[in-house]
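This report refers to the structure that appears directly beneath it.
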Amino acid sequence: MVWYIPGLYTEPLQNKDTEVIYTRCTEEIAARYGKTYPWEVKLKQMGRTAPDLAKVIVEELGLPLLPWEYAAEARIIQEKSFTECQLMPGAEKLVRHLKSKKIPIAVATSSSEETFKLKTTNHREFFKIFDHIVFGSSDPEVKNGKPAPDIFLICASRFPDKPAPENCLVFEDAPNGVTAALAAGMQVVMVPDPRMDELNRSRATFCVDRLENFKPEVFGLPPYDSAAT
């Protein structure tokens, strides 16, 4: 996801459980066809739009399915779990802090609008805080998913002042997202999966193990008020 900051931008606020759900879903479908779902394949599909993700998984795992058939099977499994997603620890604190300091913020997600609504079922009011949301899998202006920079550039362009890419800060957890943000000319803070190797971590502008540990002042943003720390 992406947020804007007057001379700076920022991106993802992630739902804590979504990657776990995606993983379990893919493992279940892979097992039906006698396949396994290795970490190396997960790295390739993380952060991609739904159509791209399905294509990568089908091809990499050698599943006897067309991408749309995989997506249909996955959808059935995901719908049972997405409504229980929780916010990443530290996300709400950071978002509300930025909003209180009048820093424009937005979301850029590779999910479709329909899937995003499922994942944020219990957080509808919270997501009204954001200035706008770009849905990579269903927005007609997003021609290419991550690792292409389209979604971040489009998200930035929808702020009234249309900030330059170098004034944008993106938060990401996926290598494809980091690549997309850098290709867009933006800075990127990575909150990686603990299994992420050093090479993928090192490409980000800044890396933090937990969003809770991010210090806004590192990027020239207003620090948390002492009462909120």
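Residues: numbered from 1 along the sequence shown.
- Between Lys119 and Ser111 the shortest heavy-atom distance is NZ-OG, 2.5 Å.
- Inter-residue side-chain proximity for Val178 and Asn200 is flagged as unmet; no heavy-atom pair is nearer than 4.5 Å.
- Relative orientation of the His97 and Tyr224 rings is tilted, given thresholds of 30° and 60° on the angle between their planes.
- In this structure, the side chain of Asp150 does not engage the main chain of Val142 through any donor-acceptor pair within 3.5 Å.
- Using a 4.0 Å cut-off between charged side-chain N and carboxylate O, Lys44 and Asp52 make no salt bridge.
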Stepwise side-chain contact (heavy atoms from CB on, under 4.5 Å) check, Lys117 with Glu114: CA-CA 5 Å; Lys117 286 180 178 178; Glu114 182 181 6; 6.0 Å; no
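- Atom CZ of Arg32 has more than 12 heavy atoms from other residues, nucleotides or ligands within 6.0 Å.
- To the nearest 0.5 Å, atoms CG (Leu221) and CG (Leu98) are separated by 6.0 Å.
- For Lys99, the side-chain contact (heavy atoms from CB on, under 4.5 Å) partners at least two apart in sequence or on another chain are Ile105, Ile129, Asp131.
- For the pair Lys128 and Glu125, the salt-bridge criterion is met [side-chain N within less than 4.0 Å of a carboxylate O].
- The heavy-atom pair separating Lys146 from Ala108 by the smallest distance is NZ-O, 4.4 Å.
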Verdict with supporting geometry, Val191 and Phe214, side-chain contact (heavy atoms from CB on, under 4.5 Å): CA-CA 9 Å; Val191 188; Phe214 176 71; over 6 Å; no
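- The two residues Ile151 and Ser110 have their closest heavy-atom pair at CD1-N, 4.2 Å.
- At least one side-chain heavy atom of Arg75 sits under 4.5 Å from a side-chain heavy atom of Leu118.
- Leu63 shares a hydrophobic cluster with Ile29, Tyr33, Tyr37, Val41, Leu53, Ile57, Val58, Leu61, Leu65, Tyr70, Ile77; the chain of contacts runs through ILVMFWY side chains whose heavy atoms sit under 4.5 Å apart.
- Applying the side-chain contact (heavy atoms from CB on, under 4.5 Å) test to Arg158 and every residue at least two apart in sequence or in another chain returns His132, Val134, Asp139, Glu141, Ile154.
- Glu28 and Arg24 are not joined by a salt bridge, as no carboxylate oxygen comes within less than 4.0 angstrom of a charged side-chain nitrogen.
- Closest heavy-atom contact between Pro175 and Met190: N-CE, 4.0 Å.
- Inter-residue side-chain proximity for Glu172 and Thr179 is flagged as unmet; no heavy-atom pair is nearer than 4.5 Å.
- Here SG of Cys155 is found 10.5 Å from CZ of Phe135. Values are rounded to the nearest 0.5 Å.
- Using a 4.0 Å cut-off between charged nitrogen and carboxylate oxygen, Glu217 and Lys215 do not count as a salt-bridge pair.
- Ring orientation note: the planes of Phe130 and Phe127 are close to parallel, at an angle under 30° on the 30°/60° scale.
- With contacts defined as side-chain heavy-atom distances shorter than 4.5 Å, the pair Pro147/Arg48 qualifies.
- The side-chain heavy atoms of Ser137 and Pro51, taken from C-beta on, include a pair separated by under 4.5 Å.
- The shortest side-chain heavy-atom distance between Leu43 and Met196 falls under the 4.5 Å cut-off.
- Pairs engaging residues 174-189 under the salt bridge (Lys or Arg N to Asp or Glu O under 4.0 Å) rule: none recorded [sequence neighbours left out].
- Shown here are the side chain to side chain donor-acceptor pair (under 3.5 Å) partners of Thr23, two or more places apart in sequence or in another chain: Lys42.
- The distance from atom CH2 of Trp39 to atom CZ of Arg195, rounded to the nearest 0.5 Å, is 4.5 Å.
- Every side-chain contact (heavy atoms from CB on, under 4.5 Å) that Asp209 has, sequence neighbours left out, goes to Asn213.
- Between Thr49 and Gly145, the closest heavy-atom pair is CG2-CA, 3.7 Å.
- Thr120 contributes no side-chain N or O that, together with a main-chain N or O of His123, makes up a donor-acceptor pair within less than 3.5 Å.
- When all heavy atoms of Leu211 and Pro89 are compared, the pair lying nearest together is CB-O, 3.6 Å.
- Annotation for Trp68: atom CH2 does not count as buried by contact number, only 12 or fewer foreign heavy atoms lying within 6.0 Å.
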Derivation and outcome, side-chain contact (heavy atoms from CB on, under 4.5 Å), residues Glu60 and Gln45: CA-CA 10 Å; Glu60 291 289 334; Gln45 54 88 178; over 6 Å; no
